[in-house]
Amino acid sequence: MNVISFDIIPSTNEYCARNISSLTHGDVITARRQSAGRGRKSRKWSSEEGGLYFSLVLKEGLSLLKSPGTLTQLMALAVCKAARRAGAEAYIKWPNDVLAQGRKFCGILSEAVFEGQFLKAVIVGVGINLSQKELNSDKPAVTLAELGVKADAEVLLKEIIDNFNFNFDLLKRDGFEALRSSYKEAFLYLGKPVKMHIFEETVQGTAEDIDAEGRLILRQGETLRVINIGDMDF
Ligand code: BTN
């Protein structure tokens, strides 16, 4: 694992995007603090000391993916497994938050880099609340420390990357189907009523299934709706 560490930079995702040509597949960029951490939907991601902030650069095997979004799900699974090993009762909120006791302790922002129309790289950025005071408050949030989980940032990072790489190999060989049962087991809302925001639309239903491509199957009465992109309410 090739890790490049900084004390403070604006954003590990932004660093990767700016230096993408000189970075290689599998490089991991970490920062103890970010001065302009970014979250999904152009939100700010508060990144004071005490959290784990990193980005993983992926350049190989991308053409084998049906959707680059699957990489976010793969990362959520990798974080979930590592956090469980550290002692947290972690679950995934489809597609890309990781929660414990119903509160978010990890957010993931994947960004694609194109060269013309070709997908050149995907940057998978991860923010994990370990023990910092100021949390991102778009959703109910928690730190691992508040849950009584003592996680060493370096150990956690290594486990997450190992988990990710293991699952990425499976994904490239057999598609999302190879990870589907693990993902479903870790998915907090399976079989439960959910409220989803899909672009401007808000829909309600039951989270019926995760399909062989990692998409959410939402039941609305007799209708099954296949959802690629969306956000779930807590
Ligand atoms: C979310 O909105 O839930 C996603 C948050 C992702 C934050 C991480 S921290 C490391 C990487 N660098 C960034 O600027 N953002 C991601």
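Atoms within a ligand are numbered from 1 in the order they appear, just like the ligands themselves. Counting from 1, the numbers follow the sequence of the chain as shown.
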note = Counting heavy atoms under 4.0 Å, the part of I108 that contacts ligand 1 is backbone

request  = Could you see which bit of R43 sits under 4.0 Å from ligand 1, with heavy atoms only: side chain, backbone, both or neither?
outcome  = neither

task = Using atom types as modelled and distance alone, determine if a side-chain donor or acceptor of E89 lies under 3.5 Å from a backbone N or O of Q101.
result = no

ask   = Tell me, which protein residue and heavy-atom name are nearest atom 5 (C) of ligand 1, and how many Å apart are they?
value = W45 CE3, 3.4 Å

request  = Please check if atom CZ in R18 has more than 12 non-hydrogen atoms from other residues, nucleotides or ligands closer than 6.0 Å.
outcome  = yes

inquiry  = Has E208 got a side-chain atom pairing as donor or acceptor with L224's backbone, closer than 3.5 angstrom?
reply    = no

query = In terms of residue, atom name and distance, what is the protein heavy atom nearest to atom 3 (O) of ligand 1?
reply = K104 NZ, 2.7 Å

task = Can you pull out the closest protein heavy atom to atom 11 (C) of ligand 1? Residue, atom name and distance to 0.1 Å, please.
result = T12 OG1, 3.2 Å

request  = Any chance you could measure S63, atom OG, to K172, atom NZ, to the nearest 0.5 Å?
outcome  = 10.0 Å

key: Protein heavy atom at shortest distance from atom 15 (N) of ligand 1   = R38 O, 2.7 Å

remark   = Contact region, N136 to ligand 1, non-hydrogen atoms below 4.0 Å, reads neither

L77 side, atom CG; F187 side, atom CZ - distance, nearest 0.5 Å = 13.0 Å

ask   = Just by distance, with hydrogens left out, do T143 and S131 show a side-chain donor and acceptor under 3.5 Å apart?
value = no

request  = Give the atoms of ligand 1, by number and element, whose distance to some non-hydrogen atom of G37 is under 4.0 Å.
outcome  = 14 (O)

request  = Please say whether Y53 places an N or O atom under 3.5 Å from an N or O atom belonging to ligand 1.
outcome  = no

Within 6.0 Å of CD in E115, more than 12 heavy atoms from elsewhere = no

Heavy atom of the protein closest to atom 2 (O) of ligand 1 (residue, atom name, distance) = R40 N, 2.7 Å

